[in-house]
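Comments concern the structure below.
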Amino acid sequence: MVAVRVLLYIVDEDKVHAGTTDCNACPAKVPVLLYDTSKDQVAKGLALMDKLLDKDAKKGALQSADAKEARERVTVVDSLTALRDVGMTVEAVSENLRLKQAIFSELAATLPPSAILATNTSSISVTKIAASTLQPGQSAASEEGKATASRVVGLHFFNPVPVMKLVELIPGLQTSSETLQTARSFALACGKEVTMSKDVPGFVSNALLMPFINEAIMCLEKGIATRDDIDKTLKLGMNHPMGPLQLADFIGLDTCLAIQQTLYQGTADSKYRPSVLLERMVDAQWLGKKNGKGFYDYPSA
């Protein structure tokens with residue numbers, strides 16, 4: 001077990017997943033500080049966490065006392081100054097490089113030099129994010145600059161976090177072996193399995209998944225098959241738990257587009273070019289399950 005205090009820094013609805021908090025606070029048994037610029041998102045995240053813990057307790061998967069203790073280990077804070085003694089942060093904002101760079105620059109300036117700065121990015125270069133931690137006047141080649149950037153690592157939890165066992169570990173060019181080992185130990189303490197990928201666009205997971213989803217959307221766009229037939233083919237013919245179009249809805253179509261654009265821009269390979277239909281659906285704010293409309297309709301969203 002890793003003896004660290006953890007910050008979950010969350011500012012975007014599609015990444016607000018109380019399961020991440022549940023994952024850290026319950027199996028790993030570490031205190032968690034939760035920070036978000038939106039009070040509404042904090043409330044939603046805590047409500048979801050309470051729901052998941054209560055469900056596990058009723059099923060007998062978790063003792064009621066353990067669920068209560070897990071919930072009590074999560075504390076909401078309202079500023080970065082409350083994080084001066086944390087040992088590790090897990091950032092979980094949308095797939096936006098500039099946003100992540102701004103956050104990591106601020107975290108590096110605020111948190112103790114020993115704190116590990118982990119990003120939950122699913123596609124963006126960890127090396128680029130790590131470079132943003134350099135403070136004014138710091139050189140990337142200096143010992144101080146190297147130390148600052150060496151504590152950044154990719155720690156990609158998969159949604160839904162309480163269900164999915166995998167964490168993808170991604171070292172940036174600057175990431176130290178100590179940072180990598182601590183991040184791995186933390187993920188294992190959370191009860192996860194760990195795989196590691198080089199810092200390439202999309203890493204292993206989304207370099208494989210997103211072109212697959214994008215190709216399914218292109219099949220729909222070209223009229224090769226209907227939505228239902230595309231998903232049924234993959235579910236019944238390839239034994240996938242859900243079809244690629246439904247999966248895209250669950251991920252969030254804006255997130256799918258952002259990752260696909262990262263792949264395309266990062267490789268200049270035309271096979272990663274996003275589907276026009278995907279772009280138009282995001283233009284229409286049809287983002288999937290999280291806002292009620294995607295390839296399918298979700299009335300209760």
query = Hey, is the main chain of V161 close enough, under 3.5 Å, to the side chain of K192 for a donor-acceptor pair?
reply = yes

key: E95 side-chain N/O to S123 backbone N/O, donor-acceptor pair under 3.5 Å   = yes

ask   = Applying the 4.5 Å side-chain criterion to the ILVMFWY set and letting contacts propagate, would L166 and I251 be lumped into a single cluster?
value = no

Of all pairs that satisfy ring-ring contact (aromatic ring centres under 6.0 Å, His included), the ones with a partner from residues 158-184, not counting sequence neighbours = H156-F158

request  = Name all residues meeting the salt bridge (charged side-chain N to carboxylate O under 4.0 Å, His left out) criterion together with D269; count only those two or more places apart in sequence or in a different chain, and write none if there are none.
outcome  = none

message = Would you say that more than 12 heavy atoms from the other residues, nucleotides or ligands in this model lie under 6.0 Å from the CD of E193, or not?
response = no

task = Enumerate the residue pairs fulfilling salt bridge (Lys or Arg N to Asp or Glu O under 4.0 Å) with a member in residues 136-153, sequence neighbours excluded, ordered by first and then second residue.
result = E143-K146

ask   = Where is the tightest heavy-atom contact between P201 and T267, given as atom of each residue plus distance?
value = CG-CG2, 4.1 Å

ask   = Is Q135 reaching over with its side chain to a backbone N or O of T133, donor-acceptor style, under 3.5 angstrom?
value = yes

By side chain to side chain donor-acceptor pair (under 3.5 Å) - contacts of S270 (at least two apart) = none

remark   = Closest non-hydrogen contact found for F186 with M88 is CD2-CE, 3.6 Å

key: Under 3.5 Å: donor-acceptor pair, side chain of S132, backbone of I129   = yes

inquiry  = Would you compute the distance between atom OG1 of T262 and atom CG of N96 and round it to the nearest 0.5 angstrom?
reply    = 9.5 Å

message = Measuring only between side-chain heavy atoms, which start at C-beta, is P31 closer than 4.5 Å to T75?
response = no

ask   = Out of curiosity, L173 CG to D199 CG, how far, rounded to the nearest 0.5 Å?
value = 8.0 Å

Donor-acceptor pairs under 3.5 Å, side chain of residues 219-228 to any protein atom, not counting sequence neighbours: which ones?
from : atom 1 : to   : atom 2 : distance (Å)
E221 : OE1    : S275 : OG     : 2.6
E221 : OE1    : L277 : N      : 3.3
T226 : OG1    : D229 : N      : 3.1
R227 : NH1    : F295 : O      : 2.9

task = Please go through L208's hydrophobic cluster and name the other residues, only I, L, V, M, F, W, Y counting, with side-chain heavy atoms under 4.5 Å joining them.
result = V204

inquiry  = Show every ring-ring contact (aromatic ring centres under 6.0 Å, His included) that has at least one partner inside residues 191-215, sequence neighbours left out.
reply    = F212-H240

note = Output for pair (K293 NZ, L287 CG), nearest 0.5 Å, gives 12.0 Å

ask   = So how far is it from I259 CD1 to T255 OG1, rounded to the nearest 0.5 Å?
value = 6.5 Å

request  = Please confirm whether the backbone N or O of A61 pairs with a side-chain atom of D56, one donor and one acceptor, at under 3.5 Å?
outcome  = no

query = For D283, what residues pass the side chain to side chain donor-acceptor pair (under 3.5 Å) criterion, not counting sequence neighbours?
reply = R280

query = Do Y298 and L245 share a hydrophobic cluster (ILVMFWY, side-chain heavy atoms under 4.5 Å, transitive)?
reply = yes

inquiry  = To the nearest 0.5 Å, what is the distance between OG1 on T119 and NZ on K100?
reply    = 4.0 Å

inquiry  = V152 vs T179, test: side-chain contact (heavy atoms from CB on, under 4.5 Å). Steps then yes/no.
reply    = CA-CA 7 Å; V152 177; T179 295; over 6 Å; no

query = Are any side-chain N or O atoms of N214 and backbone N or O atoms of R273, one a donor and one an acceptor, separated by less than 3.5 Å?
reply = yes

task = Could you name each residue pair satisfying salt bridge (Lys or Arg N to Asp or Glu O under 4.0 Å) that touches residues 153-178, not counting sequence neighbours?
result = none

remark   = Applying side chain to side chain donor-acceptor pair (under 3.5 Å) to Y264 and not counting sequence neighbours gives none

request  = Spell out, yes or no, whether L209 and V200 are grouped together once hydrophobic residues are joined by side-chain heavy atoms under 4.5 Å, including indirect joins.
outcome  = no

request  = Check whether any side-chain N or O of D297 sits under 3.5 Å from a backbone N or O of P299 as a donor-acceptor pair, and report yes or no.
outcome  = no

key: With A131 via side-chain contact (heavy atoms from CB on, under 4.5 Å) - residues at least two apart   = Q174

ask   = For the atom pair CD1 (I116) and CG (L155), what is the distance rounded to the nearest 0.5 Å?
value = 9.5 Å

ask   = Looking only at heavy atoms, which two atoms of I103 and E91 are closest? And how far apart?
value = CG2-CG, 4.5 Å

note = Correct closest heavy-atom pair for Q101 and K128 would be NE2-O, 4.0 Å

message = Taking side chain to side chain donor-acceptor pair (under 3.5 Å) as the definition, give me every residue that meets it alongside Q181, ordered by chain and number, with sequence neighbours left out.
response = S185

key: N-O pairing of K44 and D36 below 4.0 Å   = no

